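Below: one structure, written as C-alpha cells.
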Amino acid sequence: MGAEGEKMNIELADAVRANDIGSCSNSVVEVPSGKPAKVPDRRDSEKNGKQDDGKYAVPFYKLFAFADSTDIILMVLGTAGAVANGLALPLMTVLFGDLVDSFGGAADVHDVVHRVSKVALEFVYLAIGTGVASFFQVTCWMATGERQAAQIRNLYLKTILRQDIAFFDKETNTGEVVERMSGDTVLIQDAMGEKVGKFIQLTATFIGGFVVAFVQGWLLTLVMLATIPPLVVAGGVMSTVVSKMASRGQAAYAEAAVVVEQTIGSIRTVASFTGEKHAVNKYSESLKSAYSSGVQEGLAAGLGLGTVMLFLFSGYSLGIWYGSKLILGKGYTGADVINVIFAVLTGSFSLGQASPCMTAFAAGQAAAYKMFQTINRKPEIDAYDARGKKPDDIQGDIEFRDVHFSYPARPDEQIFRGFSLFIENGMTVALVGESGSGKSTVISLVERFYDPQAGEVLIDGINIKEYQLRWLRGKIGLVSQEPVLFASSIRDNIAYGKDNATIEEIRAAAELANAAKFIDKMPQGIDTMVGEHGTQLSGGQKQRIAIARAILKNPRILLLDEATSALDAESEHIVQEALDRVMTNRTTVVVAHRLSTVRNADTIAVIHRGSIVEKGSHSELLKDPDGAYCQLIRLQEMNKESDNTMGPDHDKSDIWDSGRRSSKKLSFTQSISRGSSKEQTSHHSFQMTLGMPVGTDIQANTPERTDILDTEVSAQERKEVPLRRLAYLNKPELPVFVLGSIAAVVNGVIFPIFAIILSNVINSFYQPPHKLKKDSNFWSLMFLVFGVVSLFALPARSYFFAVAGCKLIRRIRLMTFEKVVNMEIEWFDEPENSSGAIGARLSADAATVRSLVGDALALIVQNTATLVSGLLIAFLANWQLSLIILALIPLIGLNGYIQMKFITGFSADAKMMYEEASQVANDAVGSIRTVASFSAEEKVIELYKAKCEGPMRTGIRQGIISGIGFGVSFFMLFCVYATSFYAGARLVEDGKTTFGEVFKVFFALAMAAVGISQSSSIAPDSSKARSATASVFAILDRKPKIDPSDASGMSLETVKGNIEFQHVSFRYPTRPDVQIFQDLCLAIRAGKTVAIVGESGCGKSTAISLLQRFYDPDMGQILLDGIEIQRFQLRWLRQQMGLVSQEPSLFNDTIRANIAYGKEGRATEAEIVAAADLANAHKFISGLQKGYDTLVGERGIQLSGGQKQRVAIARAIVKDPKILLLDEATSALDAESERIVQDALDRVMVNRTTIVIAHRLSTIRGADMIAVVKHGAIIEKGRHEMLINIKDGAYASLVALHSRASS
C-alpha cells in the first residue's frame, strides 16, 4: 500500500487545500459557530493601514498559555497517539516491501501463500495499534482545543469589558469585537486543536520514513533526497502565499461587515429615508475586493499544488531509473527499491501535507496577536484593579479642581480648560447650559470613564484615582439620557444594580421608581423580555427601569444625565417624583436641558464652553436679570408662555386638584392601556378603568403561544433546500464550470493510470537484466509526463472553481442583504434578526455555501473520474480478485459514512448557540458605559460563559466521535490490505493470475477507494453548508409583507399632503395581546401642523410608524390625498415624508454623508449646506476641525444630543418632503439648542403637512390642531386655546400636570 498511503496523502493534501478548512477524512473538525475559517476579519485596526498580518504573530507556544492541568494531560495523551500513528506508515512500507518480495522472490508458486499470510498477519497487528493511537490523537486534541478556545474567548470578553471607555472611542467598535469573538477564536482553536495532533503525526511519519529508508538502502535514499528540497520549498511557498491571500480576503470582507451592522442597527432610519438601494450599493462595492482576493487565493493554491505534484512524480521517475541501476549493479532486490522509494516519498510527502497545518498555525498566531494584545492591554483606568482605598462609606463631597479635559477621540477639541466645582454631600447640584457645553462630561469624569489631562477630581477630598474603581462605581448611581437596557428580562435589567439582589429588593426598587405598576401589567410581568437596546418599551418605561436599576444600588452619589428629558409630562411627573424620593440625603448631580426640572436644586451651575459662568440657587440666580441662567430661562419661557396661561384663572389649587385626580386615573389607565409604541398588555384593558387585575388570563395563555412560535421557526429553519436551487444560483458561471470539470476529470484519471505504471514497474524489477533496463527507462519517462500534466490540470481546476465559488458567495451575500434590507420592520423586531445575528449569517453562511458549490463540486467530479477509471482498470486486469477486494471496500466506505452521519447532527445547534453567546457580547460592548457604571462585567461574563457551555460540550462530544471514526477507519484499512493480498496469493497459487496483475488490481482499486474516502471527507462541510444554505434560502424565500423594493403601485405628480386615518385598529405583531389603536379617526389637512399628544405609551409614535408603513394597520385604512397608502409605491411614499425621531441614528460616516443620506446620497454640496443652514447646524459644523468631513462615530456618539438632532433635521430637509414627521424631535435638547432647533423646524414646517409628536406641550402650542390620544382613540382635538378651556378635559389636565411639573 505504500502507494496507497501515498495516494491517500496526495489526495488528502488536495482535499485539504480544496476545502481550505482542513477537512481530510479525519479532521471532521466542525467550526463551532458554523463560521468557516474563511470569515474572520483580522483587521489591525484600520488606522494602521492594512499591514500584513504576518508581521504580527504570537509565538506558537504562547497559544497554549491558558491551558490547565486537564488540558496538559489531554495534550500529552494526544501527542503520544499522534507519534504512534505517524510511525504506522513507515512501518507499513516495510511490510509492503516484504509483500513484494514474497510475491516476486518466492521460489515456487506454493511458497507464496505461506509467506504472504505471515505478512498479512503483521498487517492486522499494525491495524489494531494504529486504530487505538489515532483515536487518542484526534479526541484529545479536539477536546483540548475546544476547551482552551473557550478559555480565550472568556478572557477576551473579560478584558474587553475592563478597558477604559477611551479604548472604545478610539480603538474598536462593537462589530469588530463580535467578529473577533466569533471569528478569530475559531482560527485560534483551529491552530491549537487537532491540527497540532496532525502536525505531530506528520512529523513522526517524516522522521520514521527516512529512518526506514536509510536502513533498507542508504545509497538510493541519498539520491532520492535530492527531490526533497524542491518539494518542501514548493509546499512552503504555497502555504505562505495562500495564507497571505486569506488574510487579504478577510480584511476585504471586514468593510462589508461594518456596512451590515450599521444598516441593520438603524433599519428604521434606512427605511424611512428609502436608503435601501444606497446600502445595497455600498455593500456591493465593499464585496468586490473580497471577490478578487478569493479568486487569487484559488489560483495560488492550485499552482502550488501543481508544482508539488510535478516534483513528486519526478521523484518517482528518478527512483525507478536509479533503482534499476542498483538492482543490476549493487545487488539490491526489487523489494528494497520499492520500500525505499515509498518510505522516502511517504516521509517527504508528510512534510508537504503539513503545510495546511502550518497555514492554520500562522492564521491562528496572527488572530491571537490582536486578541492577546487586547488581553494583555492594561487599561489606564482599570475596573478590576483591587488596589486603592475602600473606606467603609463616603460622605459624598465631590470636587473638581482646575480640570483640563478633551475626549481621547478628539484630542484637539478642549472641553474643559481649568474647570472647578465643589458639590457638598447631600446636596443636589444642577448643571445647565447649552448643548455641547460639557455638562455630561462632568458626569463621565465623576464615574471615571475618563481621567482629566490635568487637575483632579476629588471625592471626600481624596483624588478618585486613589479609590478602588469598582468600589467607587458601586457608590455612584447613574441614570443617563438614553438608558441602555440589555436584551434580557426586566428583572435581569434591574438586577444589574446589585449583585445577587433578592426579588423583594428588586420589587422595592421598581416600586420606588414608579415602575412596578407598568411592569405588573406586562404579560410576563417582571420576566418580560426587553428587545435589543430596549426597543420593546416606551421611553418612560425604559427610563424608570434604569432608575430602578440605579436605586437598587442604594448609591451615595446619584448622577442624573437628563434623566427625564425624553419623557412626556405624565411620565416625567411620575419619574420626577420617583427621583425626588430617591434624591433625599444623597449627593445628586443633575444635568438637565429643561430648567423646570432643576428649580428645586440646592445649587444650579451654569456651564458655558467648559467653564462655570455662574452658580447659586434658583432664586439667587434670578436676581441677576442679565445672567446666563436668566437668559436660558427666558429662552425656555418663550417656548412656554402658554403653559401657564390656563384660560380664565381658576383657583390654581382646584386645577391642580383636578390634575391630581386625573393623574391618578391617568397613571392607572396608562399602565393598563399599554406602555409604549411597542408594548404589551391586554385587550380587555380598554373596557376597564377599574382596578381589576387585568394580567391574569393573559398570563395563562402566553406560554402556549410561544411554544407554537418556536416550533414554527425551527420547522422553517429545518427546511431542506434541494441542491438544484443552489446550482441555479450559479447558473451564469456554467462555462466556467465546464472548463473546471474538464480539468478535474484529467486530475481524476491521473491516479488510476498511475496504478498501471506502478504495477508494471514492480513487475519489471523481477525481469531479466536487459529487459529490466529498457522497461525502467520507459516507465520513469512516463512519470515525468504525468508530472507535467498535473502541473497544468490542478491550477486550472482550482482557478475555475474559485471563480465560480467566489461569484456565488458575492451573489448570495448581495441577494441576502438586499432581501434583508427590504424586509418589513416587524421582521427586525424578532430577536433572532438582531444586527449581530444577521451580520454573522451573512459573513459565515455565504462562505460555507461556497465550499459546497465550488470546492466540493470540484472534488466530486474528480473523484467520480477516479472511481470509474479505477474500476475499469481493475476489472480488465483480473475480475475475480477485483470482486473480492470490491466486497471489502464498502467497509471503508461505511466507516466514512458513519463518521459523516455522526457529525451532521450537531452543526445547526452549535451555530445557533454561539450566535446567542455573541449577542450577549454584542449587547455588553455596545453599552459599555452602562456595564462599567454598574460594575456588571462579572455578570456579563457569567452570562456569556453559560451561553458557551453548550456549544463547548457539543464540540468535545464531536471530538470523541471523530476519534472513534478515525480509529476504526484506520483499523479497517489495514485489515482490508491484509485480506486482499492473502486472496491474491491464493489466486496466484491456483494459477488464476500473475503477480503483476495482483498489484494492478490492488493499486487501481486503492486509488478508487481514495477517491471515495475523499468524497466522504467533505461530508462534514456539506452538512454545515446545508444548514447554511437553508438559513440563506429561508431569508431569500421570505416574502416581506411590506416591500420597499416593490416598484408596483401608483405615485402622484404632486402631493397636496392631506392625510386621513379612518377607523384604524392596530397591535404590534410581536405583542399581539396589546391593542394600540382602536378605531382611531383623524384627518389632517394639507399644509397644516397637527400635534399628537397623550401619555407615554398611548401610541403617538405608532401613528408615525403606520403612516410610513413600517407596519400596516389590522383594520381601517390610512389615506394620503384620498388614496389608500397601501396602493402607492412604497419607496415613493416614503420619499414624500421626512422623519426626525427622538434618538436619531446617524451612520459612522462623515457629517456630509449623513446629511446627503436624505437624498440617498445624491445631494449636491449646495443642497447639503442649505439644509444644514436651515437646520441651524451649519454654524456648529463649520466650527468643527474637519467641518463637514468630521466623522460622527458609531451611532453618532461623537456629537452632542443637540448636534445629532440638527444633523438629523438637515437630513430630513434635504429630501424636501411634503410631509414632515417629528417624533419628539426636540425632547432631548437643552433650552438653547431647543430654541434653535425649534426655529429651524418652524422654518421648515412652512407649507408642509407636519405631524408633531411631543411630550413637552410647550413645543406644540402653535399647532393648527392638537389631537389627544387615549385608549387607542382620539378623545379631543382642536386648537390649544380651545382645548385648554374644556374643564376637566384631557388636554387641560395634561397641561396642568405639565406646568405643575415645571414650576
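All of these numbers come straight from a predicted model, not from anything done at the bench.
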TODO: Taking the side chain as every heavy atom from C-beta outward, state whether Val789 and Val746 have any pair of such atoms under 4.5 Å apart.
DONE: yes

Open item on the list: Using the rule given for side-chain contact (heavy atoms from CB on, under 4.5 Å), can you reason through Ile750 versus Phe313, listing the C-alpha separation, both sets of side-chain angles and the distance that settles it, and then say yes or no?
Closed with: CA-CA 11 Å; Ile750 287 181; Phe313 281 128; 3.9 Å; yes

Task: Residue pair Phe800 / Leu299, side-chain heavy-atom distance below 4.5 Å - done: no

Task: Set of residues satisfying side chain to side chain donor-acceptor pair (under 3.5 Å) with respect to Ser134, sequence neighbours excluded - done: none

Task: Tyr316 vs Leu784, side-chain contact (heavy atoms from CB on, under 4.5 Å): CA-CA, chis, key distance, verdict - done: CA-CA 8 Å; Tyr316 272 108; Leu784 273 181; over 6 Å; no

Task: Partner residues of Val295 under the side-chain contact (heavy atoms from CB on, under 4.5 Å) criterion, sequence neighbours left out - done: Tyr291, Tyr799, Val803, Cys806

TODO: Please tell me if the side chains of Phe206 and Thr346 come closer than 4.5 Å, counting only heavy atoms from C-beta onward.
DONE: no

Task: Check: Lys807 and Pro732 side chains under 4.5 Å, non-hydrogen atoms - done: no

Open item on the list: Going by the rule ring pair (Phe, Tyr, Trp, His ring centres under 6.0 Å), which residues pair with Phe792 if we only count those two or more places apart in sequence or in a different chain?
Closed with: none

Open item on the list: If you define the side chain from C-beta out and look only at heavy atoms, does anything of Ser314 sit under 4.5 Å from Phe783?
Closed with: no

Task: Val761 and Ser776, any side-chain heavy atoms less than 4.5 Å apart - done: no

Open item on the list: Which residues pass the side chain to side chain donor-acceptor pair (under 3.5 Å) test with Tyr283, not counting sequence neighbours?
Closed with: Tyr253

Open item on the list: The test is side-chain contact (heavy atoms from CB on, under 4.5 Å); show your working for Val788 and Leu310 and say whether it passes.
Closed with: CA-CA 6 Å; Val788 175; Leu310 172 64; 4.2 Å; yes

TODO: With sequence neighbours left out, write down each residue that passes side chain to side chain donor-acceptor pair (under 3.5 Å) with Arg810, or none if nothing qualifies.
DONE: none

Task: Phe778: side-chain contact (heavy atoms from CB on, under 4.5 Å) partners, not counting sequence neighbours - done: Met782

Open item on the list: Applying ring-ring contact (aromatic ring centres under 6.0 Å, His included) to Phe60 and Phe361, what does each step give before you reach the verdict?
Closed with: CA-CA 8 Å; Phe60 189 63; Phe361 295 157; 4.7 Å; yes

